[in-house]
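Note that these values count all heavy atoms, side chains included, but never hydrogens, waters or copies made by symmetry.
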Number of protein chains: 2
Amino acid sequence: MSLVLNGKAKQSRISDAVAQRVLAYVEEVGYKPNQLAKSLRTGKTHVIGLVVEDISNSFFATVAWLIEKQAFERGYRIIYCSTDNDPAKTKELISMFRERHVDGFIIVPSEGIEKEVSAILREQTPTVLFDRHLPDLSTNYVVVDGAQGTYAATQHLLEQGCRRVAFVTIDSTQTQMEERLRGYTQALQEHNLPAQVKRVVVTKETEKVVADIHDFIRDMPECDAIIFATNYLTIYGLEAIAQLQRRIPADLAVISYDDHDLFRLYTPAITAIAQPVESIAKNVIDILLEELQPSAEPAIGLSQQVLPTQLIIRQSSIRPA
Amino acid sequence: MSLVLNGKAKQSRISDAVAQRVLAYVEEVGYKPNQLAKSLRTGKTHVIGLVVEDISNSFFATVAWLIEKQAFERGYRIIYCSTDNDPAKTKELISMFRERHVDGFIIVPSEGIEKEVSAILREQTPTVLFDRHLPDLSTNYVVVDGAQGTYAATQHLLEQGCRRVAFVTIDSTQTQMEERLRGYTQALQEHNLPAQVKRVVVTKETEKVVADIHDFIRDMPECDAIIFATNYLTIYGLEAIAQLQRRIPADLAVISYDDHDLFRLYTPAITAIAQPVESIAKNVIDILLEELQPSAEPAIGLSQQVLPTQLIIRQSSIRPA
DNA sequence: CTGAAAGCGCTAACAA
DNA sequence: TTGTTAGCGCTTTCAG
């Protein structure tokens, strides 16, 4: 019976008559297999654990949604959780997923979780990191070429005639943030212009963050352009700029790393370094499902991908002539 | 051993010595119980299935996040899924959750899923609906008094001197949408003013939706105020209004049902009928966890709550004198 | 007070 | 080609 249900009738040389009979009975009784028992027996849950930084952030929400859709089509279910970038919470979530015997992991790693991730790797559980990676670990990952993105953005601002371009980022040594900073500094260096970097400490109290950015901009009257390293920093920044009554782009040009619905609708529309969400999702799930194939040789080779960004130029970075 | 681990040592009169020995051994080996086997045996998974319309919508994202946090603290895990308001997908998701033996359901019901929900109810699986409910079914639910919200909003617009207030909603007979419409019509009736209602068909092609609203506004030059029945309708509407170059609030006052980050930051800031997300989340999870208590009498009584909204007045609805 | 054993529903190996 | 059965890891009952 089990064979028939799992579509192994042919291969197990079970007669069509029996297969039919089983199927008919199953239909009649409305039999639903107990997934729990099945999983206990086979060790496979067909569930993938997705650990992102913040599911309410549109970037992660979109990627998660695309991943879920693709996985669903291929018979896998996704369970999400947000880490809020808190290592303790991340560890707890990973441990919870392990207890629930997920077949694979997709993780946006916060800092300091190398130990937990290498534990998963040691158990041979297929895993893909995305958005950032852990440089000390050999893992699959899909990231974006942030340096190229901020380099192009800085270049664009310089072409618009800006000479004092500032960079607002978060207080973090994660790979993706370092990269974004690197592209910016490099572009300025090539033009022999000074860099002006603010590392904001992001807390729950959004007013404090806004005030922090507010003070940074206020104390830098000569500044004529700002690049924000994440979309939520840009949103805080726009609030600060409004408070200071600086006009965009006349007084201050603005570019955001990572796009957002709001940026298209804001007045003026905000130029953004867009990440290729579809490609990210597709690559992540492809790598994972490939490793989930029983046929695949384990550790046959890591897949480490770096995807390009795209600069979407809107009004906020176009200086009047 | 099982007794000790589950904290039933005392009650089963197991000697402290043995309990200690077991605990020490467990610690030493790093034993982790297999949740799958446990669930198979007990029939309890400690997982709650959360079926929302669209997890990337900030309203649902926030409520989901609050529910998850509360549930986590009390030992329950949440698995989410989005229905996109598609009955077929909703049925599939409910059936998937049933297969996974979730202990309880939290559902934002789309239309036409009465049969599935009553099947869950018949199985005595604790369930709470929110945001809207199914009038034909006796279930627990937590909804918002949308009629009161739109009534107050319309009233406010009339006080501002508006005389031709239009209402843009979606093509749906769901309870919450009907309520929102009702509050609007009632307020206008009391002032003997004509109602002007547009029911938009929401599709994947956002341009079409925007164009639809665009045409509605264009063909109604005497209109001096609009209430949008959802936050995403407002976002489409703002785009349409920008295309038409109508000034807010001078030419057209705007109010959105359901608040959004964007509305605070938009120029001008958009007046919104805010829903009490914290209360919704708290009430939903409290009702569900109460029913999940084995002590609770089943069907002892339904909990049906209607929470108030709050009108947050911003610039978009203040007419110049 | 403690250890042994049945059985949750399923799959896969093994007899028949 | 088919029916039978062991056992996945746990809880809980029932002898010891």
Geometric class of the A:Phe105/A:Phe97 ring pair [parallel <30°, tilted 30-60°, perpendicular >60°]: tilted

B:Thr83 side chain to B:Ser110 side chain, donor-acceptor N/O pair below 3.5 angstrom: no

Short side-chain N/O contact to D:dT11 OP1/OP2 from B:Lys38, under 4.0 Å: yes

Minimum-distance nucleotide to B:Pro33 side chain [options: C:dG9, D:dC10, C:dT11]: D:dC10

Length of the CG-C1' vector between B:Asn34 and C:dC8, whole Å: 13 Å

Test salt bridge (charged side-chain N to carboxylate O under 4.0 Å, His left out) applied to B:Arg132 and B:Glu111, B:Glu53, B:Glu178, the passing residue: B:Glu53

Gap between atoms CD and P, on B:Glu99 and C:dG9 respectively (whole Å): 15 Å

Among C:dG9, C:dT11, C:dC10, the nucleotide that comes nearest once only the side chain of A:Thr42 is considered: C:dT11

Touch class at under 4.0 angstrom, heavy-atom based, for A:Lys44 against every strand present: nothing

Whole angstrom value for the distance that separates P of C:dA12 from CG of A:Leu40: 13 Å

Interatomic distance, B:Tyr80 atom OH to A:Glu68 atom CD [nearest 0.5 angstrom]: 11.5 Å

Separation of D:dC8 P from B:Lys32 NZ (nearest whole Å): 22 Å

Nucleotide nearest B:Arg41 (side chain, heavy atoms from C-beta), chosen from D:dT12, D:dC8, C:dC10: D:dT12

Atom pair distance, as rounded to whole Å: CD in A:Gln35 and P in C:dG9: 14 Å

Integer-rounded Å distance: C:dT11 P and A:Leu36 CG: 13 Å

